[in-house]
There are 2 protein chains.
Amino acid sequence: MSENAVRRPTIVQVARLAQVSHQTVSRYLRHNGGLKPDTVRRVEAAIEELGYRPNLVARSMRTRRTGRLAVVLPAPALLLPTRLLSAAAAVAHEAGFLMEVVSVEGGPVERSDHAWELISSGQVEGVLSLSSLPGLSDQPRTASSAAFVVVGEYDDELRGIGELADASVVGEIIEHLAGLGHRHFMHVAGPDAWSSARARRQVYTEVIERLGLVSHGVVDGDWSAQCGYEAVRALAEDSPVTAVIAANDPMATGAVRAALDRGWGVPQRLSVSGWDDLELGRFATPSLSSVVVDREEQGRVAMERLIALVRGEPEPDAARRPLNRLVLRESTGPAPVPAP
Amino acid sequence: MSENAVRRPTIVQVARLAQVSHQTVSRYLRHNGGLKPDTVRRVEAAIEELGYRPNLVARSMRTRRTGRLAVVLPAPALLLPTRLLSAAAAVAHEAGFLMEVVSVEGGPVERSDHAWELISSGQVEGVLSLSSLPGLSDQPRTASSAAFVVVGEYDDELRGIGELADASVVGEIIEHLAGLGHRHFMHVAGPDAWSSARARRQVYTEVIERLGLVSHGVVDGDWSAQCGYEAVRALAEDSPVTAVIAANDPMATGAVRAALDRGWGVPQRLSVSGWDDLELGRFATPSLSSVVVDREEQGRVAMERLIALVRGEPEPDAARRPLNRLVLRESTGPAPVPAP
DNA sequence: GGACGGAAAGTGAACGATCACTATTCTTCC
DNA sequence: GGAAGAATAGTGATCGTTCACTTTCCGTCC
């Protein structure tokens with residue numbers, strides 16, 4: 001280990017050089033005004049000469065504010081919700097916060113613990129989670145300032161924040177396909193760790209039942225194209241399944257390729273729908289029917305809620321336009337006649 | 001704003017409750033050992049009762065260590081290098097650091113400034129950058145502990161860290177295609193902000209010239225499929241170009257689709273290669289020839305270097321196996337005869 | 001000339017941990 | 001029984017800022 005002989009200059013050293021008190025320098029730094037032009041000049045010169053930068057750790061300690069918000073993701077997140085994160089970061093930045101992305105290994109409990117640790121150790125002022133955080137409200141909330149927002153949550157207290165839209169779109173897909181003559185479905189789901197995956201699976205099951213259709217199973221996927229591929233490959237040659245509802249685009253892509261590889265036309269023999277409207281799906285052949293998710297809006301809304309929570313302001317619950325919208329492309333079509 | 005009436009318990013309160021000194025509690029927390037079983041029990045009970053969690057900000061202030069490392073990305077990063085980040089995070093975590101991802105808007109200068117700010121304000125101990133940070137070494141390095149690692153850098157002092165491999169692979173692609181009879185090429189490049197994009201572009205130009213081939217332009221892309229699509233759509237019907245080297249898979253996918261849309265067979269009329277070996281490209285039809293980039297290894301190596309730097313240890317320069325490897329799939333093939 | 005008052009600047013105590021010492025207790029061994 | 005030395009615990013300073021108060025300066029008004 002190397003010893004750091006050189007120490008960063010402090011506010012006191014600046015003050016000494018500028019021949020003022022440390023408090024005056026502090027005032028300058030906080031832009032508090034009320035300083036004589038001459039004083040300002042001397043302070044600025046001293047800061048410049050010493051190459052001084054305020055120690056934000058020390059400031060945080062005193063003010064008890066860190067200006068940091070964390071986004072907690074399940075790891076390994078093979079598929080980062082990039083657009084959501086970008087939008088959320090922009091909102092955070094706008095409000096003067098720094099957003100950081102933390103991915104946590106392990107199950108829901110580990111994630112919960114980690115999120116709680118982040119908050120209660122004073123490292124961040126708020127946590128945005130993309131997975132459910134079970135048992136978090138059971139924690140001893142000695143710190144009153146804990147601020148959590150869970151995105152895409154469906155089965156906890158925040159039920160239906162934007163997820164009802166989710167539901168309706170899964171319904172839409174199935175209804176649309178049913179209208180085209182499809183009766184036998186399969187669902188390739190995402191991992192349970194993701195609340196959005198759970199929501200889609202649940203709605204799939206409900207709607208299939210409600211419409212009196214037949215589900216030929218729900219495959220536990222891992223968001224990867226490979227598992228979509230295997231799901232379709234595993235179907236019998238004379239399987240009655242004519243429509244695959246995948247919980248994301250990569251799994252849908254895998255399903256399409258598996259169908260093509262075994263000589264099944266898409267959508268002539270098998271219709272496949274994805275989710276997320278990835279651009280690669282948009283430009284693929286056949287292009288992928290998918291669900292446009294307004295990730296930007298989702299990220300914005302979530303971050304706005306979090307910031308309001310952190311600041312103790314009322315939640316901004318503007319009327320939300322639906323976040324999700326079905327887009328039909330080449331990978332879905334009428335059910336084959338006669339049905340296989 | 002809501003006043004936080006409740007204040008988090010401190011080490012002193014724990015000490016009081018456990019009837020020991022605050023230092024003893026501190027010892028317990030740092031696992032320093034040398035505590036009597038009975039003392040440990042009392043401390044633990046007190047911590048439990050108060051719901052105490054150490055304030056990491058205060059600890060950081062005293063120890064001057066934050067245990068945080070930042071990854072700085074150009075924003076808007078439409079395409080987060082997910083696998084690299086995951087691997088890097090794992091290494092960081094292993095070494096007891098928390099890795100956070102910060103995306104910075106603006107140009108190279110803004111990114112540089114931001115990176116410097118992160119370090120010099122004591123918020124993080126090191127910065128990993130995926131874009132070059134110009135002028136950073138010009139900064140007054142009053143703080144001796146500044147630790148930066150730039151990944152994929154090509155034109156700064158860290159020249160050729162793993163990027164020579166990059167070069168050789170672009171060369172490989174072109175040589176391979178030339179061997180299949182291709183003479184007329186086009187390159188769809190990524191944004192200059194990304195050092196990897198600059199590297200690929202540069203090597204493309206060099207190799208085309210070295211082999212005496214013909215380049216029909218370099219398109220300034222933005223990593224998006226759309227721009228790949230437009231690049232190929234813009235070609236004349238009788239364009240001599242038979243091979244498109246795209247700097248990533250989405251742009252390659254766009255190029256493929258554009259070709260198919262205008263009735264050009266891929267690879268019969270046009271060969272297209274991508275970069276990154278995205279799984280969607282692997283499962284697309286035609287599947288995409290691409291470059292397998294060992295992002296995990298890249299992330300690991302970069303993070304290991306950073307951590308070594310932060311700790312003042314010598315850099316671990318184990319013999320590196322090449323990070324990049326060309327994978328030929330369905331989207332590349334022999335040049336059409338007769339050439340158009 | 002003195003009282004008043006606002007602007008500008010200073011003083012010392014937090015914030016909540018750890019560090020560097022010092023003090024106490026407990027063994028052990030002669 | 002007592003001294004040496006290890007094991008255990010305590011004391012006060014310190015990290016670099018901001019907060020709450022106090023002080024000084026300076027012009028104005030009666």
Side-chain angles (χ1 to χ4, degrees), chain A residues 1 3-44 46-47 50-67 117 120-123 125 142-143 145, chain B residues 3-4 6-43 46-47 50-67 120-123 125 142-143 145:
Chain A
M1 301 268 178
E3 280 304 316
N4 288 342
V6 182
R7 206 119 108 189
R8 301 217 309 265
T10 76
I11 206 173
V12 177
Q13 291 173 43
V14 172
R16 195 144 46 211
L17 186 59
Q19 297 189 296
V20 296
S21 75
H22 64 278
Q23 173 61 359
T24 299
V25 179
S26 179
R27 279 197 190 97
Y28 169 80
L29 292 172
R30 308 306 308 277
H31 311 103
N32 272 351
L35 297 189
K36 282 193 199 165
D38 180 60
T39 312
V40 169
R41 220 171 298 122
R42 290 215 309 280
V43 171
E44 280 174 346
I47 287 176
L50 293 174
Y52 168 81
R53 317 257 33 206
N55 181 327
L56 297 191
V57 175
R59 175 180 293 172
S60 285
M61 169 157 186
R62 179 71 245 231
T63 62
R64 282 206 212 68
R65 299 210 43 231
T66 57
E117 178 66 26
S120 66
S121 67
Q123 293 203 103
E125 298 183 50
T142 321
S145 59
Chain B
E3 279 304 316
N4 287 341
V6 181
R7 202 118 110 193
R8 301 217 310 265
T10 75
I11 205 173
V12 176
Q13 292 172 44
V14 172
R16 194 145 45 212
L17 187 59
Q19 298 189 297
V20 296
S21 74
H22 63 277
Q23 172 62 357
T24 299
V25 179
S26 178
R27 277 196 190 98
Y28 169 80
L29 292 173
R30 308 305 308 278
H31 310 105
N32 273 351
L35 296 189
K36 279 194 198 165
D38 181 58
T39 312
V40 170
R41 220 172 297 121
R42 290 213 310 279
V43 171
I47 287 176
L50 293 175
Y52 168 81
R53 317 259 31 205
N55 180 326
L56 297 191
V57 174
R59 176 180 292 170
S60 286
M61 170 159 185
R62 179 71 245 233
T63 61
R64 280 205 209 67
R65 298 209 45 231
T66 58
S120 66
S121 67
Q123 294 203 102
E125 297 184 50
T142 321
S145 59

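We name chains A, B, ... by the order of the sequence lines, and we start the count at 1 in each one.
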- Item | 5' to 3' contact window, DNA chain D with chain A (heavy-atom distance under 4.0 Å) | dC15(D) to dA20(D)
- Item | Atom pair CD (Q123(B)) and CG (N55(A)), whose distance is rounded to the nearest 0.5 Å | 9.0 Å
- Message: With rounding to the nearest 0.5 angstrom, report the CG to CZ distance, L35(A) to R42(A).
- Response: 10.5 Å
I want to check something: taking the side chain as every heavy atom from C-beta on, are [X] and [Y] in contact at a cut-off of under 4.5 Å?
{"X": "I47(B)", "Y": "L29(B)", "answer": "yes"}
{"X": "T39(A)", "Y": "Y28(A)", "answer": "no"}
{"X": "R59(B)", "Y": "P54(B)", "answer": "yes"}
{"X": "V57(B)", "Y": "T66(A)", "answer": "yes"}

Kindly write out the residues that satisfy side chain to side chain donor-acceptor pair (under 3.5 Å) with [X], not counting sequence neighbours, or none if the list is empty.
{"X": "R64(B)", "answer": "none"}
{"X": "T63(A)", "answer": "none"}
{"X": "R27(B)", "answer": "none"}

Touch check for [X], heavy atoms < 4.0 angstrom, all strands: base, sugar-phosphate only, or nothing?
{"X": "L35(A)", "answer": "sugar-phosphate"}
{"X": "T39(A)", "answer": "sugar-phosphate"}
{"X": "V57(A)", "answer": "nothing"}

- Report, as a single string ordered 5' to 3', how protein heavy atoms within less than 4.0 Å touch nucleotides 17-27 of chain C: B base, S sugar-phosphate only, - not at all. BBBB-------
- Five-pair end axes of the helix from dG1(C)-dC30(D) to dC30(C)-dG1(D), angle between them (10°): 60°
- Query: With no hydrogens and no angle check, is any side-chain donor or acceptor of S121(A) less than 3.5 Å from a backbone partner on L56(B)?
  - Reply: no
- Closest-nucleotide 5' rank along DNA chain D - winner of S21(B) and R64(B):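 On the 5' side of the pair lies S21(B).
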